[in-house]
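Below is one structure, written out as C-alpha cells; comments come after it.
From a predicted model like this one, the values you see are computed outputs, not experimental measurements. Each chain gets a letter, A, B and so on, in the order the sequences are listed, and its residues count up from 1. Atoms considered below: every heavy atom in the structure, side chains included; atoms not considered: hydrogens, waters and symmetry mates.
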Protein chains: 2
Amino acid sequence: MTGRRDPEGRRRAIIEAACALIPEVGVGGLTHRAVAARAGVPLGATTYYFTSLDDLSQAALAYAARSAAESLRAWRRSLRAGDDVADTMAALTEEYLADRGRALTETELYLAAVRRPELRPLARTWFDGLVGLLSEYADPAAAKAAVFLIDGALLRALSDQQPLDTAGLATALRAVLRPAP
Amino acid sequence: MTGRRDPEGRRRAIIEAACALIPEVGVGGLTHRAVAARAGVPLGATTYYFTSLDDLSQAALAYAARSAAESLRAWRRSLRAGDDVADTMAALTEEYLADRGRALTETELYLAAVRRPELRPLARTWFDGLVGLLSEYADPAAAKAAVFLIDGALLRALSDQQPLDTAGLATALRAVLRPAP
DNA sequence: ACCACTCCTGTACGTTCGTACTAGTACATG
DNA sequence: CATGTACTAGTACGAACGTACAGGAGTGGT
C-alpha cells in the first residue's frame, strides 16, 4: 500500500491506522507499537513522524474531525434537498451511526478534550458545524438544543449497542425546532 | 481514616480513591499503584481486595452508579415539589454538573461500557432512572427525548469546560415534554 | 497459653511501554 | 560520481505496569 519511499503516504497510513484503532482501544489505549503494527510499518516509523504519542493521537483525532467536517457538507446538501428538517436530520443521524467506529471516535474526542485542552477546538468542530447547519432552519437556541438531542441519542445508542430510534428522534427534533408557542 | 483492621472500610476507601481518580485519569488510566497511593494503602491492598484491575474499576463504577441512583431519589422529590418540570429539571441538571468529576465519571462509564459488556447494566442505570422519573410527567418517548437532551447538554458542557445554559435547556425541555400538537 | 484463621504488606517477576539512537538506504543536487 | 539530506529499520534502555506470593501481624476460640 505505502511504497518504501513515500513519506506523505506513510504519515497518512500511520494516522489512518491510529483512527482505526481508536474505536477498539480508545484514545488512551493507543500505543506506538499497536499503531505501527496496524499500519504495517516498523516501530521506528511512528516515532519518526510524530514527536510523541500525544502528537500522534492528536493528529489522528484531527484527521477524524476533518473527515467529520466533510460529511457535514453532505448533510447540508441533504437538508436542502429534503422536505422536512427533522426527518432528514434523524435519517442522517441514523446513517452516521452506521459507522459506529467513527461515531465512537467523536465521543472519545469529546472526553479526551476534557483532560487535554489543546484538543478542545477539535472537539468543537462537530458541534459547531452541526449548529451552523441547523441555524439555517431555526434560531440558534433551537439549533443547539437539536444538537444536544442528536448527541445524547448517539451516546445512548453507542453505549447500549442498540440501533437508533429514528422516528422518536425525528419527533423530538421537530419539537425543539418548532418555534415556541 | 481507615483503621488497620477494618476490611470493609479498607475496601471502601480503595473504591472511593478509584472514584476520585477516574475524573483525573479516566477509567482506562487507573493503575493499582495510583489508586493505592490515593487511598493511602500499600500496593498489596488493592490486589488483595480486588482480583484484577478490571474488577477494581468495575467496583468503582458500580459505586458511582449507586450514588447517582441515590441522587435520583432527591430529584424525584424536587420534581414533585417544583411547579414546572422543565425548569426544575434544568436546575437539577445544572446542580448535578457542579460536581464535574461525578458527571465525568458517568460519561466515562458510558464509553467504558462500549468495550466492556459487563458494564452495560451499570451504564443504563442513570438513563433508565431518569426516564422513569420523567415518565410521571410525560409519555415515555418524550421522557427519553428529554434525557437525550440532558445528556447531550451535559456532554457538551463537560467537553467545553463551560457552564450549562440552564435557561436554554429549560426551554428545550419544555418543547420536548409538551405533547405533540 | 496455644492454635487457626483472616488480614495485611513489601518485594519480586515478567511484560509492555515511550522514546532514543545507530547504522544503513535511497535520492536529489552539484 | 560524490555528497549531503531525508527516510528507514532494528534495537536498546529505563520506567511503569499487573499480578503473584511469602511471610508478618493481629484476633477470637479453646
Side-chain angles (χ1 to χ4, degrees), chain A residues 1-63 108 112 115-119, chain B residues 1-63 108 112 115-119:
Chain A
M1 188 56 63
T2 129
R4 274 300 162 84
R5 205 69 185 227
D6 178 15
E8 213 164 321
R10 215 124 201 267
R11 193 172 204 279
R12 182 195 180 87
I14 292 172
I15 287 177
E16 287 176 350
C19 282
L21 230 35
I22 285 176
E24 297 177 21
V25 300
V27 175
L30 283 186
T31 67
H32 276 131
R33 286 169 176 82
V35 173
R38 176 66 66 102
V41 301
L43 171 60
T46 67
T47 66
Y48 176 77
Y49 282 100
F50 302 93
T51 62
S52 73
L53 193 59
D54 273 4
D55 185 30
L56 201 170
S57 65
Q58 178 164 359
L61 291 170
Y63 185 86
E108 287 274 348
R115 283 180 281 270
R116 290 167 60 182
E118 73 273 18
L119 295 178
Chain B
M1 185 57 62
T2 130
R4 270 301 159 84
R5 206 67 186 228
D6 177 14
E8 213 164 323
R10 216 113 202 280
R11 194 172 204 277
R12 182 195 180 85
I14 292 172
I15 287 176
E16 286 176 351
C19 281
L21 229 37
I22 286 175
E24 296 176 20
V25 301
V27 176
L30 283 185
T31 68
H32 275 131
R33 285 168 177 83
V35 174
R38 177 64 67 104
V41 301
L43 171 60
T46 67
T47 66
Y48 175 77
Y49 283 99
F50 301 93
T51 63
S52 72
L53 193 59
D54 273 3
D55 186 29
L56 202 170
S57 65
Q58 178 164 0
L61 291 169
Y63 183 86
E108 286 274 347
R115 283 180 280 271
R116 290 167 60 183
E118 73 273 16
L119 295 178

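Legend: residues meeting side-chain contact (heavy atoms from CB on, under 4.5 Å) with A:A60, ordered by chain and number and at least two apart, are A:A18, A:C19, A:I22. Partners of B:E118 under the salt bridge (charged side-chain N to carboxylate O under 4.0 Å, His left out) rule, at least two apart in sequence or in another chain, are B:R116. Applying the side chain to side chain donor-acceptor pair (under 3.5 Å) rule to A:Y48 yields no partners; only residues at least two apart in sequence or on another chain are considered. Take B:R33 and apply the salt bridge (charged side-chain N to carboxylate O under 4.0 Å, His left out) test, not counting sequence neighbours, and it matches no residue. Listed by chain and number, the residues in a side-chain contact (heavy atoms from CB on, under 4.5 Å) with A:P7 are A:Y49 (sequence neighbours excluded). For B:T46, the side chain to side chain donor-acceptor pair (under 3.5 Å) criterion is met by no residue, not counting sequence neighbours. Residues passing the side chain to side chain donor-acceptor pair (under 3.5 Å) test with B:E16, sequence neighbours excluded: B:R12, B:Y63. Every residue was checked against the salt bridge (charged side-chain N to carboxylate O under 4.0 Å, His left out) condition with A:R11, not counting sequence neighbours, and none meets it.
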Report each atom pair, protein N/O against N/O of nucleotides 19-22 of chain D, whose distance is under 3.5 angstrom.
residue, atom, partner, partner atom, Å
D:dT19, OP2, B:L53, N, 2.8

Between the protein and nucleotides 4-6 of chain C, list the N/O to N/O atom pairs that are separated by less than 3.5 angstrom.
residue, atom, partner, partner atom, Å
C:dT6, O2, B:R5, NH2, 2.5

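The pair A:E108-B:R115 counts as a salt bridge, with a side-chain nitrogen and a carboxylate oxygen less than 4.0 angstrom apart.
For the segment residues 16-28 of chain A, no residue has any heavy atom less than 4.0 angstrom from an atom of DNA chain D.
Separating the CG atom of A:L56 from the P atom of C:dC17 is a distance of 14 Å, rounded to the nearest angstrom. Across the protein-nucleic acid pair, B:F50 atom CZ and D:dC17 atom P stand 18 Å apart, rounded to whole Å. Whole-Å rounding puts the A:R10 CZ to C:dC27 P distance at 13 Å. Between the P atom of D:dT8 and the CD atom of A:E8 lies a distance of 12 Å, rounded to the nearest Å.
Sorted by first and then second residue, the side-chain hydrogen bond (donor to acceptor under 3.5 Å, both in side chains) pairs involving residues 34-45 of chain A (not counting sequence neighbours) are A:E24-A:R38.
At the heavy-atom level, B:L30 lies under 4.0 Å from the strands shown only through sugar-phosphate atoms.
Heavy atoms only, all atoms of each residue included: B:P23 and B:A20 are closest at CD-O, 3.4 Å.
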